[in-house]
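Step one of this worksheet: look at the structure below.
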Amino acid sequence: MCGSKVNISEANYLKIKEICASFNNNPGDLINVLHKTQDHFGYLPVEVQKVVAECLGIPATRVYGVVSFYSFFTMKPKGKYAISVCLGTACYVKGGEKILDALKSELKISEGEVTPDGKFSIDVLRCVGACGLAPVMTINGKTYGRLVPEDVKGILAEYAD
Amino acid sequence: MDTIKLTIDNRTVEVPKGTTILKAAAQMGIKIPTLCNFELEGLALKNHPGGCRVCVVEVAGRRNLAPACITECMPDMVVKTNSLRAVNARRTVLELMLSDHPNDCLQCPKSGKCELQALAADMGIRDIPYKGEQSHYPITLSPSIVRDESKCIMCRRCEAVCHEYQTVGAIGAVDRGFPAVVSTAFGEDLIDTNCIFCGQCIAVCPVGALSEVDHTARILRDIANPDVKTCVQVAPAVRVALGEEFGMPAGSIVTGKIAAALKAIGFDYVFDTDWSADLTIMEEGTEFIQRIKAYLAGDKNVKIPLMTSCCPAWVNFYEKFYPELREYPSTAKSPQGMFGATVKSYFAEKIGVARENLVSVSVMPCVAKKYECEREELKVNGNPDVDYSITTRELARLIKICNIDFTTLPEAKFDSPLGESTGAAVIFGVTGGVMEAALRTAVEVLTGKTLPKIDFEEVRGLEGLREATVSVPGVADVKVAVAYGMKNARVIMEQIKAGNCPYHFVEVMACPGGCIDGAGQPYHHGDASIVKARYAAIYKADREMPLRKSHENPEIISIYKEFYGEPCSEKSHHLLHTHYFDKKIKFDIEK
Ligand code: SF4
Ligand code: SF4
Ligand code: SF4
Ligand code: FES
């Protein structure tokens with residue numbers, strides 16, 4: 001007859017506490033806290049959000065409301081190599097979706113997912129500001145432009161390690 | 001006060017500065033439709049996000065239509081609430097809303113009470129020109145509340161109530177754009193959140209997205225079952241509200257009709273929660289006397305203030321938010337709980353029926369009571385003291401299903417021996433009532449003298465947090481506080497935590513104005529005059545009772561003689577008292 005439990009490792013718990021404390025546990029800094037937390041963990045799983053709520057003294061609905069509202073927050077882990085495919089207007093018109101399809105069939109995962117070995121993840125972005133190079137994708141921040149679906153295989157091979 | 005003159009629909013009106021167009025128009029008899037806007041005036045419930053735009057009006061000289069609910073009147077403003085442009089815009093807003101709303105009014109729990117349905121009817125909507133994708137979410141259940149998020153229109157009234165009035169925050173807006181909805185964090189079940197099951201989110205939801213778990217079919221089955229006996233208890237606040245469901249004016253007292261209706265429905269025994277409210281006063285009052293005496297004698301371990309424990313949503317609140325202070329509230333069960341424990345022991349024995357074959361049902365103004373029924377500690381070998389609880393609204397449905405013409409029904413009396421009650425019991429239905437009932441008994445016991453005046457006006461009222469000093473000659477000046485809404489209860493809990501709480505006795509209720517506005521009552525749609533009429537009716541019912549102090553109830557006197565012995569005796573501790581749990585969400589930290 002006790003309340004629900006949240007499982008988390010001590011190191012992670014302390015790290016989140018530290019991040020929140022660096023913002024004086026101020027609920028007004030929720031978005032900044034979440035940015036920093038995501039930078040550290042790569043994503044924002046449920047337990048992490050619950051600890052943030054606890055530290056800032058706000059309901060978990062507030063934290064989850066913000067995380068689910070802004071597309072730059074994610075609750076899913078990213079792969080070692082995080083692939084982002086741009087589907088902004090320019091990229092879309094120039095066949096961005098075909099690049100995405102090629103990645104999906106090559107890696108056998110959908111957008112928002114990670115390969116079982118944790119190596120690759122695919123995400124979709126709105127516009128990365130490199131429209132001149134459309135269609136564009138990035139892998140851990142490195143930009144690949146003027147892509148055709150046939151390029152995908154070779155690029156992935158660069159990350160064979 | 002500064003006033004402003006303006007013109008609305010070709011008539012001039014003068015209003016205090018700061019008045020919204022919506023309120024100024026209402027004052028002139030112009031009813032601008034609203035959806036997200038909500039206020040139970042004087043009772044601390046409100047939501048003014050200006051989000052839905054159903055209330056738009058045309059203001060001369062402004063390019064955009066203005067939402068009347070959040071736009072303040074300005075001097076010489078010229079407003080049209082029914083111009084073609086305003087009417088068309090309002091219709092478009094509504095049509096868009098309906099295009100993403102399930103069309104299943106016929107089966108909806110809010111049918112006939114739904115504000116969206118009423119608005120569509122008022123606006124004469126016959127066709128929805130926009131066709132598109134509709135949001136689909138599964139219906140989710142909890143012990144008290146059913147959530148059908150597909151019907152949510154994102155007015156966020158529930159969120160305002162849950163976060164600001166109750167300071168719980170179990171539900172809130174999640175996602176954005178088309179899939180946006182009001183839900184729990186991470187889509188968890190309500191039972192796994194901090195929800196206290198007050199149900200006030202149901203009370204304010206304009207549509208069928210939130211409703212109570214319905215047990216009417218179960219009652220009909222149990223009544224038809226020849227192998228069981230059925231008994232029912234009715235809470236105080238139900239008798240001043242049920243009439244509304246049958247077109248009677250708010251504040252009609254229908255006690256006798258309720259007893260008659262329950263007999264007509266076919267319950268074998270029709271009893272009264274007012275009886276066990278009197279019993280609660282005997283137990284809780286005695287506990288208070290014991291604690292205050294010890295406290296005044298210098299006992300440092302005794303927990304003062306004593307806090308009431310008859311509101312199950314409040315119990316959930318301190319178990320989830322302040323478990324470290326759970327020794328302050330009285331160990332006395334709620335009146336529903338005391339009734340259940342007595343009926344399944346004393347009464348079952350008396351009529352020679354095994355407790356498993358006695359179905360005990362309660363009619364409550366409340367949805368938190370449904371959750372209370374499911375508490376393991378209120379069961380014996382898995383058999384609950386109260387099998388299940390229905391709301392005032394469910395009773396109204398049951399009466400209709402059973403073809404009973406409630407308004408012409410001749411009155412009847414509750415059955416004996418758990419049916420007699422006093423005025424002290426009926427006031428349990430309002431904020432301050434439990435406190436006053438307890439004082440009527442405790443002060444007489446402490447002084448050994450009959451009270452010259454039994455109306456403790458100082459603890460009455462509708463402010464959310466009130467305090468008073470009651471002098472008990474020869475004993476002490478007893479400092480008391482009365483709170484409703486968890487925002488106010490929190491103030492007192494924080495005082496206790498800080499060691500500077502000045503009170504000896506504190507009453508807490510979750511709902512605005514107490515159980516009269518419980519989440520199981522007929523919907524008030526933000527009309528505070530309905531709640532105030534119920535409030536007045538409770539005190540009228542009290543005045544009309546021949547006996548007005550719990551310790552004078554002859555059926556209470558006799559049950560102590562026959563069964564319980566003394567208040568707070570070993571037997572009553574066993575049956576009429578309970579204990580509380582630490583239900584705070586815990587972090588299990590792995591090293
Ligand atoms: S029942 Fe009360 S606590 Fe639970 S979600 Fe509704 S308003 Fe919040
Ligand atoms: S659940 Fe009801 S009250 Fe809450 S936002 Fe949706 S429609 Fe409004
Ligand atoms: S105030 Fe009354 S109706 Fe509301 S939750 Fe508490 S007991 Fe139930
Ligand atoms: S009622 Fe005015 S914006 Fe919703």
Side-chain angles (χ1 to χ4, degrees), chain A residues 1-21 25 27-28 30-31 33-34 37 41 43-77 87 111-112 124 126, chain B residues 154 156 158-159 162-164 166-177 179-196 201 316-323 326 374-379 486 490 494 578-591:
Chain A
M1 284 303 288
C2 51
S4 345
K5 278 210 172 128
V6 184
N7 292 310
I8 190 157
S9 78
E10 188 177 31
N12 289 352
Y13 184 77
L14 292 176
K15 182 68 203 176
I16 302 165
K17 275 195 104 158
E18 181 195 313
I19 292 172
C20 292
N25 296 323
L30 175 59
I31 294 195
V33 167
L34 290 172
T37 313
F41 292 99
Y43 70 117
L44 295 167
V46 173
E47 318 79 70
V48 168
Q49 293 183 47
K50 286 191 175 174
V51 180
V52 169
E54 162 91 3
C55 292
L56 302 186
I58 53 177
T61 39
R62 282 277 176 262
V63 179
Y64 179 64
V66 166
V67 169
S68 62
F69 186 86
Y70 293 105
S71 57
F72 44 78
F73 291 126
T74 171
M75 288 182 63
K76 295 209 179 108
L87 286 186
E111 61 244 56
V124 167
R126 286 299 137 79
Chain B
M154 278 295 272
R156 300 175 77 170
C158 58
E159 184 178 349
C162 191
H163 286 253
E164 283 148 41
Q166 299 296 35
T167 64
V168 167
I171 49 177
V174 302
D175 282 322
R176 79 199 141 120
V181 72
V182 165
S183 185
T184 57
F186 323 114
E188 287 176 336
D189 285 338
L190 263 187
I191 189 93
D192 295 325
T193 70
N194 271 334
C195 172
I196 59 171
C201 50
N316 292 339
F317 184 80
Y318 57 73
E319 286 187 332
K320 287 184 166 178
F321 291 86
Y322 292 95
R326 65 189 188 278
E374 296 194 7
R375 281 180 173 262
E376 287 306 317
E377 69 275 19
L378 303 182
K379 295 178 181 170
M486 293 306 114
R490 218 179 246 282
E494 288 300 323
T578 184
H579 47 284
Y580 308 112
F581 298 87
D582 179 353
K583 294 186 184 169
K584 207 176 196 146
I585 291 179
K586 300 265 178 344
F587 291 95
D588 208 355
I589 299 165
E590 295 150 17
K591 300 247 173 199

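Since we're looking at a predicted model, the values are computed, not measured. Every chain is numbered from 1, with letters handed out A, B, ... down the list of sequences.
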Engaged part of B:S183 at the chain A interface, taking heavy atoms whose separation is under 4.5 Å
backbone

Atom group of B:A170 that falls short of 4.5 Å from chain A, counting heavy atoms
backbone

Once you round to the nearest 0.5 Å, how far does OG1 of A:T61 lie from NE2 of B:H163?
3.5 Å

When rounded to the nearest 0.5 Å, the distance separating CG of B:D588 from OH of A:Y13 is 11.5 Å

To the nearest 0.5 Å, how far apart are NZ in B:K586 and CD in A:E54?
10.5 Å

Checked B:N194, B:I589, B:T184, B:V174 vs chain A; the most non-hydrogen pairs under 4.5 Å come from B:I589

Tell me, yes or no, whether the heavy-atom count around A:K17 atom NZ, taken from other residues, nucleotides or ligands under 6.0 Å, exceeds 12.
no

For B:E188, which atoms come within 4.5 Å of any heavy atom of chain A: side chain, backbone, both, or neither?
side chain

Proximal component of A:V67, with respect to chain B [non-hydrogen, under 4.5 Å]
neither

What one should report as the nearest heavy-atom pair of A:P59 and B:G169 is CB-O, 3.4 Å

d(A:M75 CE, B:F186 CZ) to nearest 0.5 Å is 5.5 Å

